[in-house]
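Encoded as structure tokens, the structure appears first; notes follow it.
In what follows, every chain begins at residue 1, and chains take the letters A, B, ... in the order their sequences are listed.
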Amino acid sequence: MTKIEKSKKIIKILNEKFGKPHCALNYNTDFELLVAVILSAQCTDVRVNMVTEKMFKVVNTPEAFMEMPLKDIETHIKSTGFFRNKAKNIKMCSKELVEKYNGEVPSKMENLVALPGVGRKTANVVRGEIWGLSDGITVDTHVKRLSNLIGFVKEENVEKIERELMEIVPKKRWIDFSHYLILQGRDVCIARRPKCSACEINHLCNYGRKMMRKSSEKN
DNA sequence: CTCCCGATAT
DNA sequence: ATATCAGGAG
């Protein structure tokens, strides 16, 4: 079976399991989503939602964030980790949005990744979630891990992984594909201990097949 | 490549 | 104690 066929089968199975996926980060505006995704670096979505729920009641516009003392932003977001970098990035990012984009979140990839604290992963999430756009595939820690375990790639560099996946996954499914691997990664294929025996796609996964053979040999 | 970094599960 | 969490910048 080719990797392309395999990706289609996996998408079909996970589509039946998860349905039409949506972003797990809570937000009410484009700008709130951008801030939430910046905060989600090396942090669970659950934690980000706890922080943003309180913070967005106080500040939720680029105009407000650019005027807010750095210390106050830090206090709000401290529990998400990397809080000094993130606070600085959110403040500078807000300033650029106001000065260059009339306070709006730009939709062009090149404009998004030029913003402080915004890389390809964040840009892909925002573009896919808000406008349904996909120049690329969101490669976060889960997509990276599962793509290697399944056997789509043998690679640690996220930009190389993204380019290779773009050759394997049908373009119309790029957005859903990332959501599905992320959901499966949180729920079943957990980094610490993947639950291969409970995995719906273990027969399509190199690591899963290996684990299932091992467990059947013991019986 | 290193640094940033708190909360949680194991 | 240690690995991990929707990464990005220098």
**Q.** Listed partners of Ile13(A) passing side-chain contact (heavy atoms from CB on, under 4.5 Å), at least two apart
**A.** Glu200(A), Ile201(A), His203(A), Leu204(A)
Q) Between which nucleotides of DNA chain B, 5' to 3', does chain A make heavy-atom contacts below 4.0 Å? A) dC4(B) to dT10(B)
Q) Just checking Val46(A): base, sugar-phosphate only, or nothing, at a heavy-atom cut-off of under 4.0 Å? A) nothing
Q | Sequence-distant partners of Lys210(A), side-chain contact (heavy atoms from CB on, under 4.5 Å), two or more places apart | A | Arg213(A)
Q | Gap between atoms CG and C1', on Asp45(A) and dC5(C) respectively (whole Å) | A | 9 Å
(Q) Using modelled atom types and a 3.5 Å cut-off, is there a donor and acceptor pairing between side-chain atoms of Arg145(A) and backbone atoms of Cys189(A)? (A) yes
Q. When the distance from CD1 of Ile161(A) to C1' of dG7(C) is rounded to whole Å, what number comes out?
A. 13 Å
Q: Let me know the distance between CE of Met50(A) and C1' of dC5(C), rounded to the nearest Å.
A: 14 Å
Q) Under the side-chain contact (heavy atoms from CB on, under 4.5 Å) test, which residues partner Cys196(A), sequence neighbours left out? A) Pro194(A), Tyr207(A), Met211(A), Met212(A)
Could you go through residues 95-117 of chain A and list every donor-acceptor pair under 3.5 Å that involves a side-chain atom there, pairing it with any protein atom two or more places apart or in another chain?
residue, atom, partner, partner atom, Å
Lys95(A), NZ, Glu99(A), OE2, 2.9

(Q) I need the single residue from Lys20(A), Lys12(A), Lys8(A) that forms a salt bridge (Lys or Arg N to Asp or Glu O under 4.0 Å) with Asp176(A). Which is it? (A) Lys20(A)
Q. In whole Å, what is the span from the CE atom of Met92(A) to the P atom of dG8(C)?
A. 18 Å
Please tabulate, for side-chain N and O atoms in residues 71-83 of chain A, each donor-acceptor pair with protein atoms closer than 3.5 Å (sequence neighbours left out).
residue, atom, partner, partner atom, Å
Thr75(A), OG1, Lys71(A), O, 2.9
Thr80(A), OG1, Ile77(A), O, 2.8

Q.
Can you list everything that forms a ring pair (Phe, Tyr, Trp, His ring centres under 6.0 Å) with Tyr180(A)? Sequence neighbours excluded, please.
A. none
Q. Whole Å only: how far is the CG atom of Leu112(A) from the P atom of dG8(C)?
A. 11 Å
**Q.** Any pair counted as salt bridge (charged side-chain N to carboxylate O under 4.0 Å, His left out), so long as it reaches residues 122-136 of chain A, sequence neighbours left out
**A.** Arg127(A)-Asp135(A)
Q) Mind checking what makes side-chain hydrogen bond (donor to acceptor under 3.5 Å, both in side chains) contact with His179(A), not counting sequence neighbours? A) none
Q) Among residues 138-154 of chain A, which residues get a heavy atom nearer than 4.0 Å to DNA chain B? A) none
Q. What does Leu115(A) touch in the nucleic acid at a heavy-atom separation under 4.0 angstrom: a base, only the sugar-phosphate, or nothing?
A. sugar-phosphate
Q) Under 4.0 Å between a side-chain N/O of Thr122(A) and OP1 or OP2 of dG8(C), yes or no? A) yes
Q: Measure the distance from CG on Asp176(A) to C1' on dA6(C) and round it to the nearest whole Å.
A: 16 Å
Hey, can you pull the donor-acceptor pairs under 3.5 Å for the side chains in residues 146-155 of chain A, sequence neighbours left out?
residue, atom, partner, partner atom, Å
Ser147(A), OG, Val143(A), O, 2.7
Asn148(A), OD1, Glu155(A), N, 2.9
Asn148(A), ND2, Lys144(A), O, 2.9
Asn148(A), ND2, Glu155(A), O, 2.8
Glu155(A), OE2, Asn157(A), N, 3.0

(Q) Looking at Arg186(A), I'd like to know whether one of its side-chain N or O atoms comes within less than 4.0 Å of OP1 or OP2 on dA6(C). (A) yes
Q: Under 4.0 Å from any atom of DNA chain B, heavy atoms only: list the residues of residues 72-89 of chain A that qualify, in numerical order.
A: Lys78(A), Ser79(A), Gly81(A), Phe82(A), Phe83(A), Arg84(A), Asn85(A)
Q) Just how far, in rounded Å, is P of dG7(C) from CG of Leu25(A)? A) 10 Å
(Q) Whole angstroms only, please: what is the CD1-P distance between Ile190(A) and dA6(C)? (A) 11 Å
